[in-house]
Amino acid sequence: MSAADHDLILVGGGLASSLIAWRLAIDRPELRVAVVERDGRLGGKHTWSFFDGDISSEDRAWLEPATPHRWTGGYEIYFPGLSRALATPYNSMTSDRLHEAVAPLLGDRLITGEAVVVSPEGVTLADQTTLKARGVIDARGPAPTPHLDLGWQLFLGRTVRLTQPHGLTRPTIMDATVAQGDAYRFVYLLPFDERTVLVEDTYYVDGPRLDRETLRRRVDEYIRSRGWTVEAVVEEEEGVLPIALDGDIDAFWAEGAPVARAGLSAALFHPTTGYSLLDAVATARLIAAADDMSSAGLRTLMEARSKQVWAERAFYRLLDRMLFRAAKPKDRWRVMRRFYGLSEPLVRRFYAGRSTALDKARILTGKPPVPIHRALRQLRETGRGRTA
């Protein structure tokens, strides 16, 4: 292929790439945008959820074709000694709907293949096909790095069809009344219709190893504990999401190929939740408005964006150090319970990554749910990656 075959190649067909391709098809349809995805299907097998207020009403309208689930009645949380309903509406996008929305816009520019070489000039696939473009963005997900100090959110969810109605009217974002063990554990519930529900077992842990069989067993145990009987397992999804505690963002960007990155591979995720949808939406808007779509221009743009966001979110990394280092694993739920006892507007701004100075002061004041001597050791960020 000649250098003119593509204006932009997006490597990886996950959330970040899909939203960039979608936004460019709307705002700049003259650009020839290709997405290279190993199995040729966008989004994998995932559900991405967000609150009203996380993104603008304009962006919610944009994403509506890929967002089949919306709960205007808010959501619930459960902890030992605390049960609460919060009124903020909640939305869930699915990978199936995302593929249905974006794949037709790409047509034969959704390319099935595994990228083995990614450079500013283009991409080489495993079958030695070479694709060239003016601009390249690598969005294949996070790679192991010594430059970021990370905890992990691990989850496995099963969407099940029940023999009888489940009785849920809105999502349960956290049911932390379950046994904790050596991690902060909670169950997440999304009721899709009166007999279909996503049941997801989630852990905040120190390492990224996902024990699928254990999580499947615990999902099944939770379903039985609710008195539900499964008629069929509709589908299963899983995730290993980074939780940022500390790191050297300059060294992080200095490693790897000198191309633009997006999504988790650009450290663009909420440090505490690991969720990347808000940043993926903002990135898609940023790319669509870019004047310089060359690889060099996109690299400069995305590196600057990542470093800016990293600097702005230092407070959330402090809280993550409190959770992972100041709290013993079996007591991490106490940190989260205290947080969920705060005002609903504060909680809403926290999830949106827009905590005010007063929010931050309120979160840190009062009796800490962790030993004070352990908390004090976490106040200062080192600016280094994980130490052995």
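Note that this is a predicted model, so its numbers are computed, not measured. Residues take their numbers from the sequence shown, with the count starting at 1.
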Side chains of [X] and [Y]: do they bring a donor and an acceptor to under 3.5 Å?
X    : Y    : answer
E237 : T47  : yes
T202 : Y184 : no
T382 : D246 : yes
T145 : E255 : yes

With R185 as the cation and W333 as the aromatic partner, state whether NZ or CZ is under 6.0 Å from the six-membered ring centre and within 45° of the axis.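 Relative to the ring axis of W333, which defines the angle, R185 lies outside at least one limit.
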
R332 NZ/CZ over F324 ring centroid, <6.0 Å and within 45° of normal: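 Yes - R332 lies over the ring of F324, closer than 6.0 Å to its centre and within 45° of its axis.
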
Are there over 12 heavy-atom neighbours, none belonging to [X], within less than 6.0 Å of that residue's [atom1]?
X    : atom1 : answer
D182 : CG    : no
E64  : CD    : no
E344 : CD    : yes
R226 : CZ    : yes

I would like to know whether D320 and T272 meet side chain to side chain donor-acceptor pair (under 3.5 Å); could you show each step before the answer? CA-CA 6 Å; D320 297 343; T272 304; 2.8 Å; yes

In terms of side-chain geometry, is the basic nitrogen of [X] or [Y] positioned less than 4.0 Å from the acidic oxygen of its partner?
X    : Y    : result
E58  : R285 : yes
R216 : E213 : yes
D5   : R32  : no
D220 : R158 : yes
R41  : D39  : no
E76  : R170 : yes
E235 : K45  : yes
K307 : E303 : yes
D7   : R134 : yes

Of Y188, Y78, Y222, which meets side chain to side chain donor-acceptor pair (under 3.5 Å) against D175?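 Exactly one pass, corresponding to Y222.
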
With sequence neighbours excluded, residues passing salt bridge (charged side-chain N to carboxylate O under 4.0 Å, His left out) with R349: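 Applying salt bridge (charged side-chain N to carboxylate O under 4.0 Å, His left out) to R349 gives D359.
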
Please name all residues satisfying side-chain contact (heavy atoms from CB on, under 4.5 Å) with D193, sequence neighbours left out, ordered by chain then number.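 Per chain and number, D193 pairs via side-chain contact (heavy atoms from CB on, under 4.5 Å) with R161, R195, T196.
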
Residues in ring-ring contact (aromatic ring centres under 6.0 Å, His included) contact with F50, at least two apart in sequence or another chain: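 Residues passing ring-ring contact (aromatic ring centres under 6.0 Å, His included) with F50: none at all.
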
